[in-house]
Amino acid sequence: MKYPYYEVCIGPGPFLPGDDSNFWMCIHGVRQPTQEEAEQFLAEDVKTHGGKVLAVHPISAEEASAFYDLSAEEKWPVFGEEAAP
């Protein structure tokens, strides 16, 4: 099943559109996470890149494939689905 895509911005804050010092990543989920939920879901990435989740925006499948490497997408965790034990 295909899930909607979301673009997540991680950085020191505050969120400023066009700020190239932030780290952006693409996730997919059963629904759009809040910033707090995204921060929990991406805890390791937040720790690695520093800062906090500054924004979560829905993006189209076309945008996701144009700007992100989706070659391992089938291995991505899905926000809103329980992880398999």
Side-chain angles (χ1 to χ4, degrees):
M1 175 178 185
K2 282 286 195 180
Y3 294 97
Y5 293 96
Y6 302 97
E7 193 170 50
V8 179
C9 178
I10 299 171
F15 174 72
L16 301 170
D19 183 351
D20 290 336
S21 67
N22 295 323
F23 178 78
W24 291 85
M25 64 187 308
C26 183
I27 65 169
H28 52 202
V30 297
R31 64 174 177 80
Q32 181 172 341
T34 65
Q35 284 179 229
E36 294 78 17
E37 289 170 330
E39 195 155 327
Q40 290 175 350
F41 183 69
L42 300 170
E44 287 299 314
D45 296 292
V46 171
K47 182 178 177 183
T48 298
H49 298 286
K52 59 186 176 182
V53 171
L54 302 174
V56 179
H57 302 287
I59 60 172
S60 69
E62 293 78 17
E63 290 171 308
S65 64
F67 296 110
Y68 296 98
D69 178 4
L70 305 181
S71 62
E73 177 184 6
E74 66 279 350
K75 298 177 185 175
W76 291 5
V78 177
F79 172 77
E81 273 192 355
E82 298 225 9

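Applying the ring-ring contact (aromatic ring centres under 6.0 Å, His included) definition to pairs two or more places apart or across chains, those involving residues 52-73 are Phe15-His57. Sorted by first and then second residue, the salt bridge (charged side-chain N to carboxylate O under 4.0 Å, His left out) pairs involving residues 48-70 (not counting sequence neighbours) form an empty list.
Shown here are the side chain to side chain contact (heavy atoms under 4.5 Å, CB included) partners of Val78, two or more places apart in sequence or in another chain: Tyr3, His28, Val30, Glu81. Listed by chain and residue number, Phe79 satisfy the ring-ring contact (aromatic ring centres under 6.0 Å, His included) test with Phe41 (two or more places apart in sequence, or in another chain). Applying the side chain to side chain contact (heavy atoms under 4.5 Å, CB included) test to Pro58 and every residue at least two apart in sequence or in another chain returns Tyr6, Gln32. Scanning for side chain to side chain contact (heavy atoms under 4.5 Å, CB included) contacts around Ser65 gives Leu70, with sequence neighbours left out. For Glu36, there are no salt bridge (Lys or Arg N to Asp or Glu O under 4.0 Å) partners at least two apart in sequence or on another chain.
Phe23 and Val46 fall within the same hydrophobic cluster, defined by Ile, Leu, Val, Met, Phe, Trp and Tyr side-chain heavy atoms under 4.5 Å apart, directly or through other members. Clustering ILVMFWY residues whenever any of their side-chain heavy atoms sit less than 4.5 angstrom apart, transitively, puts Trp76 in the very cluster that holds Ile59.
Note that CE of Met25 and CG of Asp45 are 4.0 Å apart. Values are rounded to the nearest 0.5 Å.
Contact record, Gly29 with Pro4: O-CD, 3.0 Å, taken as the closest heavy-atom pair. The minimum heavy-atom distance linking Asn22 with Cys9 is given by the pair CB-SG, 3.5 Å. The minimum heavy-atom distance linking Pro33 with Ala38 is given by the pair CB-N, 3.9 Å. In this structure, His49 and Ile10 approach most closely via the heavy-atom pair CB-CG2, 4.3 Å.
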